[in-house]
Amino acid sequence: MTQPAPAAEAATHKSTPADGGSPWRTAVARADVRTLSLLGVLAALIVIGGITQPDSFLDSDNVQLILTQASVIGVVTVGMTFVIISGGIDLSVGAIVALASVWATTVATQDFGFAGILFTAVIVGMGCGLVNGVLIAYGAIVPFIATLAMLAAGRGLALQITDGKTQMVTVDGVLKLGERDSYILGIPPLVLVFAAVTVAGWLILNRTTFGRRSVAVGGNAEAARLAGIDVRRQRLYLYLLSGLCCGIAAFLLIILSGSGQNTNGNLYELDAIAAVIIGGTLLSGGRGTITGSVLGVLIFTTIQNIFALNNLETATQQIAKGAIIVAAVLVQRRSATTS
């Protein structure tokens, strides 16, 4: 029997850790460090808010407001996380939210009541996601271009449906969900939906084959294809998932505002991408966490709340947000070069 060459044997030992699990432990350790860092930033913001506005920031009503505002963009961010982990991008999420919200609040749709509004918002969101997925996966169109086209088309169609007017919701079942009487143990229903979507997203990403395939496609699409993964179908599913999240977010926004407007979801794409980036997801794909993305949403929402309570200008908020994004990207690049 031929003995293995010393060099090959050495390479084998080098590629296999002595404890059999150090790469996984290293990855978990890195994820924990990122999560703890984000929690530290969030804690620092809470301290700042408590110092600058001690009477209003820590008030239970304000905390509920922060979580409620984070819920809508948070649901969108969960879907965006999957897309970016796979190496894609979705610039159309804000337009999809707007289109779904106005389509679901037309007079014809409201005639079908609560179920009609919810069903329409979800179906419109998934339909737009399906179009994005088909164009990108099977039409070989670059995600940036395909979703940019959907952004323009979605905004245009939303404007055409509303004729620039606000569509008021008249369905009591929907309006009551935005009232304090519907809170469960002091928690708004929107926050509960956000929590449910977050848990579902975490389980899908970390405990299912779908999640592992998404990471594999983002890490190396060709290697994933050679491993037997249908890369095109996986990408289609990912944009469909993003559309589903947009539809759910549109329904939450309808509850929150009691109306449908063509301006809904303005700049959601930028907010979602920013939250995903500072949450530790690589723009190039192949790595990311739902937990980090959700913490990113909470950080940005808390910053906006602190600025609003201190009567700081919107321009200052945008400058701070841009600085945070740049810092997060620089940290990502440094981590990539040292790993």
Side-chain angles (χ1 to χ4, degrees), residues 21-45 67 70-71 73-90 93 191 193-220 224 234-235 237-239 241-242 244-245 248-249 268-303 321 324-325 327-339:
S22 61
W24 169 250
R25 292 176 183 173
T26 301
V28 171
R30 288 176 180 172
D32 289 342
V33 169
R34 289 194 298 270
T35 301
L36 291 174
S37 299
L38 292 171
L39 287 173
V41 172
L42 186 58
L45 289 174
L67 294 176
S71 298
I73 185 62
V75 171
V76 175
T77 301
V78 171
M80 182 70 79
T81 302
F82 279 91
V83 171
I84 294 181
I85 282 177
S86 70
I89 196 74
D90 191 348
V93 292
V191 177
V193 173
F194 175 35
V197 171
T198 299
V199 171
W202 187 91
L203 290 174
I204 291 172
L205 180 61
N206 297 282
R207 294 292 184 268
T208 67
T209 303
F210 181 88
R212 291 191 290 272
R213 287 176 177 173
S214 301
V215 174
V217 169
N220 191 321
Q234 185 69 19
R235 284 176 174 160
Y237 289 161
L238 287 164
Y239 281 94
L241 176 61
S242 178
L244 171 62
C245 289
I248 296 174
Y268 272 19
E269 56 278 353
L270 299 184
D271 290 341
I273 293 172
V276 171
I277 291 173
I278 72 168
T281 299
L282 292 179
L283 274 173
S284 57
R287 191 187 77 189
T289 67
I290 296 294
T291 303
S293 297
V294 170
L295 288 174
V297 171
L298 293 176
I299 287 172
F300 276 131
T301 307
T302 303
I303 290 174
K321 185 181 295 186
I324 293 172
I325 295 172
V329 172
L330 290 176
V331 170
Q332 278 192 5
R333 293 187 61 182
R334 183 174 180 180
S335 299
T337 56
T338 57
S339 61

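Since we're looking at a predicted model, the values are computed, not measured.
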Name each donor-acceptor pair under 3.5 Å that joins a side chain in residues 79-89 to protein atoms two or more places apart or in another chain, with its distance.
unit_1	atom_1	unit_2	atom_2	d
Thr81	OG1	Thr77	O	2.7
Thr81	OG1	Ser293	OG	2.8
Ser86	OG	Val83	O	2.6

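Pairing each heavy atom of Val297 with each of Ala70, the nearest pair is CG1-O, 3.6 Å. Between Val217 and Gln234 the shortest heavy-atom distance is CG2-CG, 4.0 Å. Across all non-hydrogen atoms, the minimal contact from Val76 to Ala272 is CG1-CB, 4.1 Å. The heavy-atom pair separating Ala249 from Val75 by the smallest distance is N-CG1, 4.1 Å. Of all heavy-atom pairs spanning Val93 and Ser242, the tightest one is CG1-OG, 3.8 Å.
In this structure Leu203 satisfies the side-chain contact (heavy atoms from CB on, under 4.5 Å) test together with Val199, Arg207, sequence neighbours excluded. For Thr208, the side-chain contact (heavy atoms from CB on, under 4.5 Å) partners two or more places apart in sequence, or in a different chain, are Ile204, Phe210. Leu244 is linked by a side-chain contact (heavy atoms from CB on, under 4.5 Å) to Val122, Met126, Leu241, Ile248, counting only residues two or more places apart in sequence or in another chain. By the side-chain contact (heavy atoms from CB on, under 4.5 Å) test, Asn206 pairs with Trp202, sequence neighbours left out.
Partner of Thr281 under the side-chain contact (heavy atoms from CB on, under 4.5 Å) criterion, chosen from Ile273, Val276, Ile290: Val276.
Note that CG of Leu42 and CG of Leu295 are 6.5 Å apart. Values are rounded to the nearest 0.5 Å.
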Given Phe300 and Ile73, is the side-chain contact (heavy atoms from CB on, under 4.5 Å) satisfied, shown in steps?
-> CA-CA 10 Å; Phe300 276 131; Ile73 185 62; over 6 Å; no

